[in-house]
Protein chains: 2
Amino acid sequence: MDQIRPKTRRGQKRREQILRAAERVFGRLGYAEASISDITREAETAQGTLYIYFSGKDEIFSELVREMGHLTRIALAGAVADAPTRLEAERRGLAAFLRFVADRPELYRIVEEARFVDPKAYEAYFSDFARAYRANLDAAGQAGEIRTGDSEIRAWALMGMAKTLGERFVLWRRDVDIDTVVAEAFDLIENGLRT
Amino acid sequence: MDQIRPKTRRGQKRREQILRAAERVFGRLGYAEASISDITREAETAQGTLYIYFSGKDEIFSELVREMGHLTRIALAGAVADAPTRLEAERRGLAAFLRFVADRPELYRIVEEARFVDPKAYEAYFSDFARAYRANLDAAGQAGEIRTGDSEIRAWALMGMAKTLGERFVLWRRDVDIDTVVAEAFDLIENGLRT
DNA sequence: GCAAAACATGAATGCTGACTCATGTTTCAG
DNA sequence: CTGAAACATGAGTCAGCATTCATGTTTTGC
């Protein structure tokens with residue numbers, strides 16, 4: 001249940017080694033295909049060593065999902081921090097998210113697979129985002145920066161766009177550059193389809 | 001590779017029994033957790049019987065993904081068929097999709113898990129949709145019914161919205177009724193966020 | 001009604017891979 | 001410097017589960 005915290009510098013280094021190896025291996029092979037021996041081989045340690053730091057295969061996976069939540073929050077918060085308007089924040093947030101997926105594709109694949117491997121962690125990841133998103137949209141609505149509307153539904157709709165654009169244009173086929181995707185999607189978010 | 005086609009009425013019935021049982025079991029437990037004996041128990045047959053009709057666990061799963069593609073296409077085509085405008089087609093399509101997810105939640109979970117279990121089938125499922133979607137958006141753009149734009153990016157953005165709304169408001173928590181979700185999301189699609 | 005094909009059974013097989021543990025090695029506080 | 005705690009090793013264990021198959025039963029075409 002509880003993660004075992006290393007007490008020495010060597011221990012911290014090993015734990016980190018194993019986590020990074022797990023990130024690459026899970027990202028490449030997926031949860032089911034990835035074996036403990038794949039991970040320890042990649043980390044250049046013995047199989048038993050992994051069990052000093054993690055209670056099992058599922059725990060190391062969950063730890064990566066939590067880590068991803070933390071990193072995404074930091075990346076997005078930083079990108080959006082001093083946007084002049086909510087709409088501009090929307091644009092910057094989408095751009096930052098897609099760039100983040102491009103930088104850590106394995107980690108993002110892991111988050112998506114968490115839906116099936118660790119549904120609670122997955123829900124926590126997106127629900128946390130939705131909560132923050134909703135607050136921002138409500139505030140912007142109050143301030144008259146955007147039309148008012150149901151921000152719970154909007155938040156999930158907008159997150160859904162971002163997720164799927166990341167999947168298609170970053171993870172799957174990089175045939176369109178990220179700035180183009182951001183510009184086009186943002187235009188849709190801003191103005192809709194209506195003439 | 002090739003599916004074995006039953007030759008008698010009894011065989012067709014059995015195969016169908018097994019598929020429906022697999023739909024429920026995979027939907028409830030996910031691919032990894034679901035065992036062949038779970039499926040055959042649910043179908044009330046012997047384990048060996050499953051192998052008369054399917055070459056293995058993965059094939060029965062893929063068959064369900066293909067089936068889902070077929071059913072979704074039919075449901076959406078029917079719903080959208082005689083919409084007066086592209087925007088109205090958009091609204092009806094979204095509504096039909098969410099209703100479909102509500103009717104066959106297990107089947108939809110299976111499609112999403114196919115991303116990891118059978119990536120080819122998953123890509124085929126969404127790419128087929130994207131192609132049709134793109135054609136519709138382009139035609140509507142030509143006809144002046146919507147603003148013109150990159151329809152590949154738009155198609156994936158709109159599919160992403162639908163997927164995620166289905167996940168959150170249909171599969172996960174039915175705390176908002178589907179019509180409200182459709183109305184609010186459609187407003188976003190039509191007009192965007194701008195005041 | 002009969003032979004052959006199709007279908008059904010479920011216990012037995014065999015493999016894969018997560019996890020353990022007995023035995024070392026390294027680190028570090030005092 | 002020293003002993004205890006922390007860390008490292010990897011061969012071996014074991015359970016779970018997909019798949020097979022030898023033996024029956026049912027259906028079908030004629």
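By convention in this document, chain letters (A, B, ...) are assigned in the order of the sequence lines, proteins followed by strands, and residues within each chain are numbered from 1.
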> Between atom CD in B:Glu16 and atom P in C:dC7, what is the gap in whole Å?
Replying inline: 15 Å
> Considering all heavy atoms of both residues, which atom of B:Phe26 and which atom of B:Ala34 are nearest to each other, and what is their separation?
Replying inline: CD2-CB, 3.7 Å
>> Please enumerate all residues that pass side-chain hydrogen bond (donor to acceptor under 3.5 Å, both in side chains) together with A:Thr49, with sequence neighbours excluded.
In response: none
> Within this structure, what is the NZ-to-C1' distance between B:Lys13 and C:dA8, rounded to whole angstrom?
Replying inline: 15 Å
>> If I take atom CZ in residue A:Arg41 and atom C1' in nucleotide D:dT9, what distance separates them, rounded to the nearest angstrom?
In response: 16 Å
> Where is the tightest heavy-atom contact between B:Phe97 and B:Leu76, given as atom of each residue plus distance?
Replying inline: N-CD2, 3.6 Å
>> What's the angle between the local helix axes at either end of the helix from C:dG1-D:dC30 to C:dG30-D:dC1, using five pairs per end and rounding to 10 degrees?
In response: 30°
>> What is the distance, to the nearest angstrom, from the CD1 atom on B:Ile52 to the P atom on C:dA5?
In response: 16 Å
>> In whole Å, I'd like the distance from the CG atom of A:Asp58 to the C1' atom of C:dG17.
In response: 14 Å
>> Please report the distance, rounded to the nearest Å, between CG in B:Leu50 and P in D:dC17.
In response: 16 Å
>> In whole Å, I'd like the distance from the NZ atom of B:Lys57 to the P atom of D:dT19.
In response: 8 Å
>> What is the distance, to the nearest angstrom, from the CZ atom on B:Phe61 to the P atom on D:dC17?
In response: 17 Å
>> Between B:Glu167 and B:Arg173, does any NZ, NE, NH1 or NH2 come within less than 4.0 Å of an OD or OE carboxylate oxygen?
In response: no
> Salt bridge or not for A:Glu152 and A:Arg134, using N-O below 4.0 Å?
Replying inline: yes
> Which letter, B, S or -, goes with each nucleotide of nucleotides 20-30 of chain C from 5' to 3', with contact meaning a protein heavy atom under 4.0 Å?
Replying inline: B-----BS---
>> Between B:Glu33 and B:Arg28, does any side-chain N to carboxylate O distance fall below 4.0 Å?
In response: no
>> Quick check on contacts: within residues 17-36 of chain B, what sits under 4.0 Å from DNA chain D by heavy-atom distance?
In response: B:Ala34, B:Ser35, B:Ile36
>> Taking side chain to side chain contact (heavy atoms under 4.5 Å, CB included) as the definition, give me every residue that meets it alongside B:Gln12, ordered by chain and number, with sequence neighbours left out.
In response: B:Pro6
> Nearest to the side chain of B:Thr45 - C:dT9, C:dA8, D:dT9?
Replying inline: C:dT9
> Distance from B:Trp172 atom CH2 to A:Trp156 atom CH2, nearest 0.5 Å?
Replying inline: 4.5 Å
>> So, using side chain to side chain contact (heavy atoms under 4.5 Å, CB included) as the criterion, who are the partners of A:Asp177 when residues are at least two apart?
In response: A:Asp179, A:Thr180
>> Can you see whether A:Tyr125 engages A:Thr72 through a side-chain donor-acceptor pair at a distance of less than 3.5 angstrom?
In response: yes
>> What I want to find out is whether A:Lys120 reaches A:Glu123 closely enough, with some N-O distance under 4.0 Å, to be called a salt bridge.
In response: no
